[in-house]
Amino acid sequence: LKPTTKLMCMVKANSYGTGSFEVANTLQNNGVDFLGVAIADEGKELREAGITVPIIVMNPEQSSYSTVIDYQLEPEIYSLRVLKLFIQKLQEKQISSPYPIHLKMETGMNRLGFHEDDFEELIAILKDNSHVYVRSIFTHLATADMPEEEEYAKYQLERFDNSYAAITTALNIKPIKHALNSPGIVAYGEHQYDMVRLGIGMYGYSEYTDFMEKYLKPVVRFKTVISQISEIEKGETVSYGRRFTAERHTKIATLPVGYADGIRRSLGYGKGKVGINGHLATITGTICMDMMMVDVTDIPCKEGDEVTIFGNSPTLANVTEWLGTIPYEVLTS
Ligand SMILES: *Cc1c(COP(=O)(O)O)cnc(C)c1O
């Protein structure tokens with residue numbers, strides 16, 4: 001990125017599961033320009049904890065506009081309907097100075113955003129409007145992490161360029177222009193515009209594995225300890241439903257984490273592994289709510305030893321693959 005490009009960091013969903021305030025505070029101390037959250041309550045929590053940098057709320061629902069305004073959060077405005085409702089709320093609250101808003105353009109994701117046929121009315125509402133000012137205009141790419149879909153990304157970026165030009169020319173304004181998420185930063189750096197929106201990259205993951213190996217470090221680690229080690233004989237079973245039967249004299253380590261801690265129950269029955277003293281131990285039997293058992297028959301270890309659920313080994317990518325999902329879902333769980 002160019003040194004002048006602003007940085008918005010996405011701390012939605014509890015900073016991808018790693019702790020909203022802790023991550024937001026570190027980012028604030030390092031001069032981040034904007035933080036992004038999904039809903040108003042997340043922004044409110046950050047404000048109450050002492051975060052003062054601008055916070056954009058990506059999907060504020062109508063019932064949360066009061067919270068948005070009371071905590072000086074900046075809403076993403078994605079349709080004429082919500083623009084009108086938000087202006088109405090500002091009037092109700094008798095906010096006199098223009099309130100910053102961020103316009104989301106629909107360019108191909110087909111999730112939220114203004115369509116081209118909204119522009120005429122959008123421009124009419126914003127013209128000489130004293131209640132709001134457009135602080136940024138942005139869009140979101142559907143395929144930034146898929147090299148085979150480059151053409152679609154380029155189509156979205158071009159459509160975005162046109163939308164931005166149409167609105168800003170008509171209103172004679174020059175708001176912050178932004179489009180790229182983490183994979184977008186890697187693949188479409190020439191479209192960094194005035195700002196980028198960094199999410200998963202902060203935690204050391206990228207779908208662009210060459211880039212990841214060269215420039216990123218996995219910074220998220222989920223670890224626990226061994227609560228107890230039991231020795232069982234051939235034929236004995238482990239956990240609910242007796243879904244694991246020992247085929248030999250077996251050493252079982254019990255860990256104090258389970259599906260309530262976000263370890264998906266489907267990782268049980270021998271599917272997933274955890275790291276103990278440089279070895280991988282297989283998860284045996286059914287994962288419980290707050291506990292799980294792993295086979296440590298061939299692994300030197302003792303009660304109290306550290307266990308890695310994911311980190312260096314197994315990696316977040318390993319767990320993601322066992323679950324057949326994406327790292328976002330593993331982290332936020
Ligand atoms: C979550 C989000 C991002 C960040 O995406 P990553 O792929 O994690 O970088 C960027 N922009 C918007 C609008 C988002 O909702």
Side-chain angles (χ1 to χ4, degrees), residues 1 5-20 23-24 27 32-43 46 54-61 73-79 82 101-114 135-147 149-150 152-153 156-157 159-160 163-164 175-189 191-209 211-212 215-220 316-317 320 325-333:
L1 297 174
T5 303
K6 291 186 195 310
L7 186 63
M8 171 166 166
C9 289
M10 305 306 298
V11 295
K12 63 193 180 204
N14 193 26
S15 279
Y16 290 38
T18 67
S20 278
V23 174
L27 293 166
V32 72
D33 297 290
F34 285 88
L35 294 172
V37 296
I39 58 170
D41 280 347
E42 293 177 311
L46 290 177
I55 298 175
I56 301 183
V57 184
M58 306 313 273
N59 194 6
E61 37 164 350
L73 308 172
E74 305 183 8
E76 164 183 323
I77 300 290
Y78 53 84
S79 70
V82 300
I101 60 171
H102 301 264
L103 301 180
K104 172 78 156 292
M105 298 293 123
E106 173 50 53
T107 60
M109 179 82 170
N110 288 316
R111 190 167 64 174
L112 293 178
F114 286 98
R135 191 167 192 192
S136 87
I137 299 182
F138 70 107
T139 196
H140 194 49
L141 299 179
T143 62
D145 57 356
M146 302 165 74
E149 288 284 350
E150 182 179 345
Y152 195 74
Q156 282 199 268
L157 289 163
R159 194 169 157 194
F160 176 53
S163 299
Y164 181 92
I176 299 168
K177 182 179 182 185
H178 51 118
L180 303 183
N181 57 1
S182 307
I185 294 167
V186 178
Y188 304 103
H191 292 278
Q192 59 190 271
Y193 303 121
D194 307 314
M195 180 160 83
V196 296
R197 301 187 304 271
L198 182 63
I200 195 93
M202 269 195 291
Y203 309 102
Y205 184 86
S206 178
E207 277 298 309
Y208 294 99
T209 45
F211 177 89
M212 176 167 68
Y215 296 109
L216 302 183
K217 248 193 327 201
V219 294
V220 185
L316 176 59
T320 298
T325 183
I326 54 173
Y328 300 77
E329 195 188 12
V330 178
L331 281 177
T332 55
S333 302

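Both counts, for ligands and for their atoms, begin at 1 and track the order of listing. Only a predicted model underlies this, so the values are computations on that prediction, with no experimental measurement involved.
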Legend entry - Any side-chain heavy-atom pair of H178 and S136 under 4.5 Å: yes
Legend entry - Under the ring pair (Phe, Tyr, Trp, His ring centres under 6.0 Å) test, residues paired with Y205 that sit two or more places apart: none
Legend entry - Flag side-chain contact, heavy atom, 4.5 Å: L331 against I200: yes
Inset, instruction - Would you list the pairs meeting salt bridge (charged side-chain N to carboxylate O under 4.0 Å, His left out) in which at least one residue belongs to residues 198-208, sequence neighbours left out? - result: none
Legend entry - Qualifying residue, where the test is side chain to side chain contact (heavy atoms under 4.5 Å, CB included) with L46 and the options are L73, D41, V11: V11
Legend entry - Contacts of Y78 that satisfy ring pair (Phe, Tyr, Trp, His ring centres under 6.0 Å) - sequence neighbours left out: none
Inset, instruction - Anything with a heavy atom under 4.0 Å from ligand 1 counts, so go ahead and list those protein residues by chain and number. - result: M10, K12, Y16, M58, H140, N181, S182, P183, R197, G199, I200, Y328
